[in-house]
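Just so we're on the same page: letters track the sequence lines, and every chain starts at 1.
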Protein chains: 2
Amino acid sequence: MKAGTDLAQIGSLVGDPARANMLAALMGGTALTASELALEAGVTLPTASAHLAKLGEGGLVSVARQGRHRYYALADHSVAAMLENIMGVAATLGPKRVLPGPRDKAMREARVCYDHLAGEMGVAMLDSFVGRGLIRVDGEQAEMSEAGASYFAGLGIDLDAMGRKRRPMCRTCLDWSVRRSHLAGGLGAAMLERIQAKGWARREKDSRVVRFTPMGRREFEMMLRG
Amino acid sequence: MKAGTDLAQIGSLVGDPARANMLAALMGGTALTASELALEAGVTLPTASAHLAKLGEGGLVSVARQGRHRYYALADHSVAAMLENIMGVAATLGPKRVLPGPRDKAMREARVCYDHLAGEMGVAMLDSFVGRGLIRVDGEQAEMSEAGASYFAGLGIDLDAMGRKRRPMCRTCLDWSVRRSHLAGGLGAAMLERIQAKGWARREKDSRVVRFTPMGRREFEMMLRG
DNA sequence: TTCATACTTCGATCGTAACAAAACTATCTA
DNA sequence: TAGATAGTTTTGTTACGATCGAAGTATGAA
């Protein structure tokens, strides 16, 4: 009985179209203001404000005030993973699943999940790291090997700074499009950051799609080969 | 935008208290009739019927007619995993989390997840199998090694019959209480079945809790040690 | 200061979805 | 066959929550 209450609480938060659209927008990882989210959800500011208050109370989003702006973001990695999971079920479930359009194809290939790379390329990346013994995976947990530490440091990632943060460095996140894991956590975020900084890929405007340049793709694949 | 619609669709299905209670009850793995679910949700039969129709349309539950009875069950393993995930987020999220009661303790230790063993003991079981090289895990996927095949056959599990079914034999499922994986899939179901058949444990009435006898616990731990 | 921007709170309206009672259908039992 | 049990459909009521406009608060800019 109580289990049902918990389910219903989260479900009803996610179950409203306006709120769902806001959450989907926040899956992009960038924090957004109330006005932006109102636009995204197609409602006026007052309604958006009410929705965001509920999402905040429910613990699904966090808010950071910055002057007269309020930046909203998903509260937690676990919330992002949950939303991914729900979207995955929705994708496989509906009887009315037509063949995926080109946009969906790009989404399956490479997209942002909260703050790290997801999709086939994200999965391939974790596969490569595991196969080369740089990372060990155990369920949602993961850890870096000695070899991994020197490898990632060599890529220019500041492991010391990352180690000091509370956030776990290595995590995995289940990918709905492939139903396999990709790299999340601080390291996952850092890798995505590197990929963009090197100009291998860039975020598509107003979407979660990550677009690799032809050159970037080659470089990426070379990295995976070691 | 469309991503939000998908989210909202599932969310609103789960978001109704009556439906959420039904789904929670079905997490126990046993198929239930409409009347039983009505009782569980605290609504009259007509209302329950309407709710079940919606859940069916939404693809979250499946129905099997048997004479004048209609047995409802979760549609799919992925639905069960999604609900587990949501419950996990709810458990860590709520600001009003008091210290877990004894019931919660039993739930964390050993419970049924759809049709297999979850909780600390479920996680320990998968750990043992992986550590002894009987099973290899890759994300949500998993597979049995040669050694594993002969080992599980030795436990009296009919692998041939299982292999013929469409359902994958080995899967993993993320455990919300421990945030690590436990064994699911056909093999997971078969193991739970063996545990109960040997009298090591039995289901608690009207709950997902699996209660091990002192003797059963010893035998179980001996099995894990190999 | 004064004005503009970003957001929240209030108040009223409106739809929708949950609900139960009663009537209906289908299956089993005697 | 008649009666009982299991479940669905229909109908009308009710209530909750999403919505917006208008007014209120806080922050920044001129």
Response to the item:
Distance col, row A/Asp76:CG vs B/Thr92:OG1, nearest 0.5 angstrom, shows 6.5 Å
Worksheet entry | Non-neighbouring partners of B/Glu143 that pass salt bridge (Lys or Arg N to Asp or Glu O under 4.0 Å), sequence neighbours left out | B/Arg136
Worksheet entry | Sidechain N-carboxylate O distance under 4.0 Å for B/Glu120, B/Arg180 | no
Got a list of protein N/O to nucleotides 27-30 of chain C N/O distances below 3.5 Å?
none

Item to complete: Indicate yes or no: at least one non-hydrogen side-chain atom of B/Ile135 is less than 4.5 angstrom from one of B/Phe152.
Response: yes
Practice prompt. Sorted by first residue and then second, give each salt bridge (charged side-chain N to carboxylate O under 4.0 Å, His left out) pair with at least one member in residues 185-200 of chain A; sequence neighbours left out.
Written response: none
Fill in: Pair B/Asp104 + B/Arg111: basic N to acidic O under 4.0 Å
no
Response to the item:
Applying side-chain hydrogen bond (donor to acceptor under 3.5 Å, both in side chains) to A/Thr213 and not counting sequence neighbours gives none
Worksheet item: What is the distance from CG of A/Leu39 to P of C/dA6, rounded to the nearest Å?
Response: 13 Å
Worksheet item: Does A/Glu109 come within less than 4.0 Å of A/Arg217, counting only side-chain N to carboxylate O?
Response: yes
Show me the protein contacts with nucleotides 18-22 of chain C, counting only N or O atoms at under 3.5 Å.
from	atom 1	to	atom 2	distance (Å)
C/dA18	OP1	B/Arg19	NH1	3.2
C/dA18	OP1	B/Arg19	NH2	2.9
C/dA18	OP2	B/Lys54	NZ	2.5
C/dC19	OP2	B/His51	NE2	2.6
C/dA20	OP2	B/Thr44	N	3.1
C/dA20	OP2	B/Thr44	OG1	3.0
C/dA20	OP2	B/Thr47	OG1	2.8

Discussion item. Closer than 3.5 angstrom, by distance alone: can the side chain of B/Arg208 be matched with the main-chain N or O of B/Val112 as a donor-acceptor pair?
Written reply: yes
Worksheet item: Does B/His69 reach the main-chain N or O of B/Gln66 with its side chain, forming a donor-acceptor pair under 3.5 Å?
Response: no
Response to the item:
Outermost contacting nts on DNA chain D, any atom under 4.0 Å from chain B heavy atoms, listed 5' then 3', are D/dA4 to D/dT9
Worksheet item: Looking across every strand, which nucleic acid part, if any, lies under 4.0 Å from B/Tyr72 by heavy atom: base, sugar-phosphate, or nothing?
Response: sugar-phosphate
